[in-house]
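We name chains A, B, ... by the order of the sequence lines, and we start the count at 1 in each one. All values below come from the heavy atoms of this structure, side chains included, with hydrogens, waters and symmetry mates left out. Just so you know, these numbers come straight off a predicted model, no measurement behind them.
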There are 2 protein chains.
Amino acid sequence: MVGESNNGSNSGSNNGTAAERERATADVLRALIVISRRGVADARIANLSLSMTDQSILGYIVDHPGCRSTDIAQAFRLNRSTVSRQLAGLMQLGVVSEQADASGRGRPLELTDSGWAAYDEAIGILRGVVDENLDDWTDAEVARFAHDLQRFNTGAAGETRPRHPLEAPPAPLDSAP
Amino acid sequence: MVGESNNGSNSGSNNGTAAERERATADVLRALIVISRRGVADARIANLSLSMTDQSILGYIVDHPGCRSTDIAQAFRLNRSTVSRQLAGLMQLGVVSEQADASGRGRPLELTDSGWAAYDEAIGILRGVVDENLDDWTDAEVARFAHDLQRFNTGAAGETRPRHPLEAPPAPLDSAP
DNA sequence: GTCTATTGTTGCAATAAGCAACAGGAGGCG
DNA sequence: CGCCTCCTGTTGCTTATTGCAACAATAGAC
């Protein structure tokens with residue numbers, strides 16, 4: 001059940017054996033698993049008072065200001081109750097607050113100043129890890145890597161699956177950045 | 001506190017403004033966070049009876065046959081008690097077993113046949129997700145992406161931090177030293 | 001103005017994870 | 001050879017995370 005998924009568009013022209021692509025895709029998966037697993041571990045040291053889920057919620061609010069609790073739950077495939085509880089904790093902690101101008105259905109969320117501080121702190125630590133791993137990369141290589149990663153993340157996902165964590169705008173409207 | 005970390009080695013030559021690299025690195029981090037967060041969500045559907053930690057443990061044993069409980073704990077920054085309990089569950093489940101020839105300090109671990117089956121099943125599901133996102137990539141692009149990811153993962157990590165999750169062989173590999 | 005669907009919250013249960021204390025054995029040293 | 005120390009794994013207790021189900025409150029539809 002692995003993947004004859006090159007049904008899509010192109011499949012290159014240079015060296016592309018099917019087996020080659022197969023192997024490369026498997027390598028991509030393995031690398032992504034490492035990244036994911038390492039992210040969980042790194043999140044533990046990034047901010048001692050904020051769990052990984054907390055940090056993810058903060059990140060989601062940063063990327064989607066005014067989002068509601070349900071949006072977060074859908075994005076991370078979490079139960080609404082889980083998000084509700086975590087949000088309650090975060091609001092009590094003073095890092096998240098509800099926007100005053102609540103017009104639509106739910107309660108729009110936003111980060112407080114200390115929320116931004118906590119977010120920046122966590123990001124800073126993770127930045128250190130990333131910087132370390134990109135140490136001997138050229139600027140062009142880093143740029144290309146960033147481009148590939150973004151392309152991968154915005155790829156086909158969001159169709160089959162409910163929605164991504166961060167980065168995908170809630171409303172498909174205007175014009176993707 | 002973000003990062004003037006191009007202290008390292010090279011910094012390319014073509015277009016490399018410091019700000020450019022700064023932005024690209026930030027993009028890399030954002031993308032990696034998305035991947036990590038999405039990995040947690042995907043792990044929930046990859047194998048219903050195995051938690052993300054369980055799957056990680058299986059993956060680690062796959063990559064490090066004969067590893068011991070402590071190795072896993074260090075790799076994932078988990079408490080030994082956590083790993084011990086999870087391993088007990090996995091052994092009772094019949095997916096992990098202890099190798100008979102225990103010579104050294106701890107008890108070497110290995111996967112059983114059903115352990116491999118469970119691992120393959122989880123990998124297969126994740127493969128589907130990856131395939132979907134790589135759908136419109138050329139073979140060459142996939143290969144390049146895989147290469148970059150592996151380079152990133154094997155980068156500088158493993159020096160500052162205790163050890164990685166998967167992929168890093170316990171003995172420092174071939175060429176490096 | 002009522003009715004339905006969405007949104008958020010709480011009770012209960014299961015799992016995951018950490019800390020501390022402890023048992024058992026490997027290796028080192030006299 | 002015998003003792004001592006450190007490593008490895010396990011268990012008791014506690015806390016945190018997550019899900020399911022039931023419930024309250026409200027926005028939007030009719």
Side-chain angles (χ1 to χ4, degrees), chain A residues 37 40-58 60-61 64 66-93 96-99 101-110 162-163 165 170-171, chain B residues 37 39-58 60-61 64 66-93 96-99 101-110 162-163 165 170:
Chain A
R37 196 51 243 195
V40 174
D42 288 342
R44 246 175 241 132
I45 61 168
N47 195 322
L48 279 59
S49 54
L50 262 50
S51 71
M52 168 143 187
T53 302
D54 290 335
Q55 294 176 47
S56 300
I57 290 176
L58 255 58
Y60 190 87
I61 298 177
H64 305 270
C67 67
R68 300 155 309 147
S69 183
T70 307
D71 302 326
I72 300 175
Q74 273 196 326
F76 299 139
R77 275 196 239 274
L78 291 170
N79 197 288
R80 289 204 311 276
S81 63
T82 301
V83 177
S84 174
R85 267 183 256 268
Q86 301 290 0
L87 275 177
L90 291 174
M91 287 194 283
Q92 189 178 356
L93 235 155
V96 173
S97 66
E98 295 175 347
Q99 288 180 3
D101 57 337
S103 57
R105 262 269 151 109
R107 259 86 58 84
L109 300 167
E110 64 187 353
R163 181 162 254 48
Chain B
R37 197 49 242 196
V40 174
D42 288 341
R44 248 176 238 128
I45 61 168
N47 195 324
L48 278 59
S49 54
L50 261 51
S51 72
M52 166 137 187
T53 303
D54 290 335
Q55 294 176 45
S56 300
I57 290 176
L58 255 59
Y60 190 86
I61 298 177
H64 304 269
C67 67
R68 300 155 308 147
S69 184
T70 307
D71 303 327
I72 300 175
Q74 273 197 325
F76 298 139
R77 275 196 238 275
L78 291 170
N79 197 289
R80 289 205 312 275
S81 62
T82 301
V83 177
S84 174
R85 267 183 256 268
Q86 300 290 359
L87 275 177
L90 291 173
M91 286 193 284
Q92 189 177 357
L93 236 155
V96 174
S97 66
E98 295 175 347
Q99 289 181 4
D101 57 336
S103 56
R105 264 267 151 112
R107 258 85 59 83
L109 300 166
E110 65 188 351
R163 182 162 251 55

### Query
If we only count heavy atoms from C-beta on, is the A:Val96 to A:Leu58 side-chain gap below 4.5 Å?
yes

### Message
Could you measure the distance from the CD atom of B:Gln74 to the CZ atom of B:Arg80? Nearest 0.5 Å is fine.
### Response
9.5 Å

### Validation row: A:Leu87, A:Arg68 side chains within 4.5 angstrom (heavy atoms)
no

### Query
Between the main-chain N or O of A:Ser51 and the side-chain N or O of A:Asp54, is there a donor-acceptor pair closer than 3.5 Å?
yes

### Query
Which two nucleotides bound the region of DNA chain C that has atoms under 4.0 Å from heavy atoms of chain A, read 5' to 3'?
C:dT6 to C:dG18

### Message
Using the salt bridge (charged side-chain N to carboxylate O under 4.0 Å, His left out) criterion, which residues pair with A:Glu110? Sequence neighbours excluded.
### Response
none

### Reported OG1-to-CZ distance for the pair A:Thr53 and B:Arg37, which is rounded to 0.5 angstrom
4.5 Å

### Query
Heavy-atom distance under 4.5 Å between the side chains of A:Thr70 and A:Val83, does that happen here?
no

### Query
Is it true that a side-chain atom of A:Arg77 and a backbone atom of B:Val40 form a donor plus acceptor pair closer than 3.5 Å?
no

#### Entry: Verdict with supporting geometry, A:Gln99 and A:Leu109, side chain to side chain contact (heavy atoms under 4.5 Å, CB included)
CA-CA 6 Å; A:Gln99 288 180 3; A:Leu109 300 167; over 6 Å; no

Please list, pair by pair, any protein nitrogen or oxygen found under 3.5 Å from a nitrogen or oxygen in nucleotides 17-24 of chain D.
{"residue": "D:dT17", "atom": "OP1", "partner": "A:Ser51", "partner atom": "OG", "Å": "3.4"}
{"residue": "D:dT18", "atom": "OP1", "partner": "A:Thr53", "partner atom": "OG1", "Å": "2.7"}
{"residue": "D:dT18", "atom": "OP2", "partner": "A:Thr53", "partner atom": "OG1", "Å": "3.3"}
{"residue": "D:dT18", "atom": "OP2", "partner": "A:Gln86", "partner atom": "NE2", "Å": "3.2"}
{"residue": "D:dG19", "atom": "OP1", "partner": "A:Arg77", "partner atom": "O", "Å": "3.4"}
{"residue": "D:dG19", "atom": "OP2", "partner": "A:Asn79", "partner atom": "N", "Å": "2.7"}
{"residue": "D:dG19", "atom": "OP2", "partner": "A:Thr82", "partner atom": "OG1", "Å": "3.2"}
{"residue": "D:dG19", "atom": "O6", "partner": "A:Arg85", "partner atom": "NH2", "Å": "3.0"}
{"residue": "D:dC20", "atom": "N4", "partner": "A:Ser81", "partner atom": "OG", "Å": "2.9"}

### Query
If an axis is fit to five pairs at each end of the helix from C:dG1-D:dC30 to C:dG30-D:dC1, what is the angle between the two, to the nearest 10°?
20°

Between protein and nucleic acid, restricted to nucleotides 25-30 of chain D and to nitrogen or oxygen atoms under 3.5 Å apart, what atom pairs and distances do you find?
{"residue": "D:dA27", "atom": "N3", "partner": "A:Arg105", "partner atom": "NH2", "Å": "2.6"}

### Task
Please round to the nearest 0.5 Å and tell me the distance separating atom CZ of A:Arg107 and atom OG of A:Ser97.
12.5 Å

### Query
Which side-chain hydrogen bond (donor to acceptor under 3.5 Å, both in side chains) pairs, counting each pair once, include a residue from residues 81-93 of chain B, with sequence neighbours left out?
B:Asn79-B:Ser81

### Query
Hey, what do you get for CD1 (B:Ile61) to CD1 (B:Ile72), rounding to the nearest 0.5 Å?
4.5 Å

